[in-house]
Amino acid sequence: MAFFRSIFGKTPKKGKKEYPNIRMNQDPEAVWELVGELGDGAFGKVYKARNKETGLLAAAKIVEITDQDELEDFSVEIDILAECDHPHIIKLHEAYYFSSKLWVSDFAVQSLSVLLKLPGLE
């Protein structure tokens with residue numbers, strides 16, 4: 001949507017947007033436990049997270065969302081990741097939008113630590 005604003009100065013008319021790959025209004029902390037911070041960037045912080053039920057380790061990117069257009073922009077990335085299924089492309093596990101925060105759980109930290117040989121992440 002930001003694309004339309006930058007070119008035309010307005011956004012197209014739209015109804016209520018649905019996000020099929022984002023779990024809306026479900027608390028991700030009921031499912032994921034944040035184990036530690038891995039880093040931060042322009043859009044938010046990345047944490048090592050553990051699934052409370054399965055024990056799966058993942059990198060959880062947490063972004064503060066300020067408006068609906070910003071959520072729309074991030075949903076494009078999430079939709080693309082949800083469609084990708086290749087051993088050399090990051091696999092989306094889950095995405096949540098809750099309390100103005102977007103959580104994107106991308107890839108198994110165990111696999112990343114083997115590839116990069118980072119101490120303390122296994």
Asks: With sequence neighbours excluded, what pairs up with Glu70 under the side chain to side chain donor-acceptor pair (under 3.5 Å) test?
Replies: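 Once residues adjacent in sequence are excluded, the partners of Glu70 under the side chain to side chain donor-acceptor pair (under 3.5 Å) criterion are Thr66.
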Asks: Quick one: list whatever passes side chain to side chain donor-acceptor pair (under 3.5 Å) with Glu77, sequence neighbours left out.
Replies: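 Here the qualifying residues are Lys61.
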Asks: Can you tell me how far NZ of Lys48 sits from CG of Leu57, rounded to the nearest 0.5 angstrom?
Replies: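 Here the interatomic distance stands at 5.5 Å.
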Asks: About how many Å separate OG1 of Thr54 and NE2 of His93, when rounded to the nearest 0.5 Å?
Replies: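 Here the interatomic distance stands at 9.0 Å.
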Asks: Could you pull out all residues at least two apart from Asp79 that satisfy side chain to side chain contact (heavy atoms under 4.5 Å, CB included)?
Replies: Asn21
Asks: Please set out all donor-acceptor pairs under 3.5 angstrom arising from side-chain atoms of residues 28-35, sequence neighbours excluded.
Replies:
from: Trp32; atom 1: NE1; to: Glu94; atom 2: OE1; distance (Å): 2.7

Asks: Look up atom OG in Ser99 and atom CG in Asn25, then write down how far apart they are to the nearest 0.5 Å.
Replies: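 It is 9.5 Å, given to the nearest 0.5 Å.
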Asks: Side chains of Ile78 and Leu92: does their closest heavy-atom pair fall under 4.5 Å?
Replies: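 Contact flag for Ile78/Leu92 side chains = yes.
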Asks: Name all residues meeting the side chain to side chain contact (heavy atoms under 4.5 Å, CB included) criterion together with Lys101; count only those two or more places apart in sequence or in a different chain, and write none if there are none.
Replies: Ile62, Glu64, Trp103
Asks: Report the residues that fulfil side chain to side chain contact (heavy atoms under 4.5 Å, CB included) with Glu83, sequence neighbours left out, ordered by chain and then residue number.
Replies: none
Asks: Please list, chain by chain and in numerical order, all residues satisfying ring pair (Phe, Tyr, Trp, His ring centres under 6.0 Å) with Tyr97, sequence neighbours excluded.
Replies: none
Asks: Please assess Leu102 against Leu71 for the test side chain to side chain contact (heavy atoms under 4.5 Å, CB included), listing each intermediate value before the final yes or no.
Replies: CA-CA 8 Å; Leu102 180 66; Leu71 180 59; 4.2 Å; yes
Asks: What residues, two or more places apart in sequence or in another chain, satisfy salt bridge (charged side-chain N to carboxylate O under 4.0 Å, His left out) together with Lys52?
Replies: none
Asks: In Å and rounded to the nearest 0.5 Å, what is the OH to CZ distance from Tyr96 to Arg23?
Replies: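 The distance works out to 4.0 Å.
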Asks: For Phe43, enumerate each residue passing the ring pair (Phe, Tyr, Trp, His ring centres under 6.0 Å) test, keeping only those at least two apart in sequence or located in another chain.
Replies: Phe74
Asks: Do other residues, nucleotides or ligands put more than 12 heavy atoms under 6.0 Å from Glu53 CD?
Replies: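 No.
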Asks: Linking I/L/V/M/F/W/Y whenever their side-chain heavy atoms sit closer than 4.5 Å, directly or via other members, would Val63 and Leu81 fall into one cluster?
Replies: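 Looking at the clustering, Leu81 is in the same group as Val63.
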Asks: Quick one: list whatever passes side chain to side chain contact (heavy atoms under 4.5 Å, CB included) with Val76, sequence neighbours left out.
Replies: Ile80
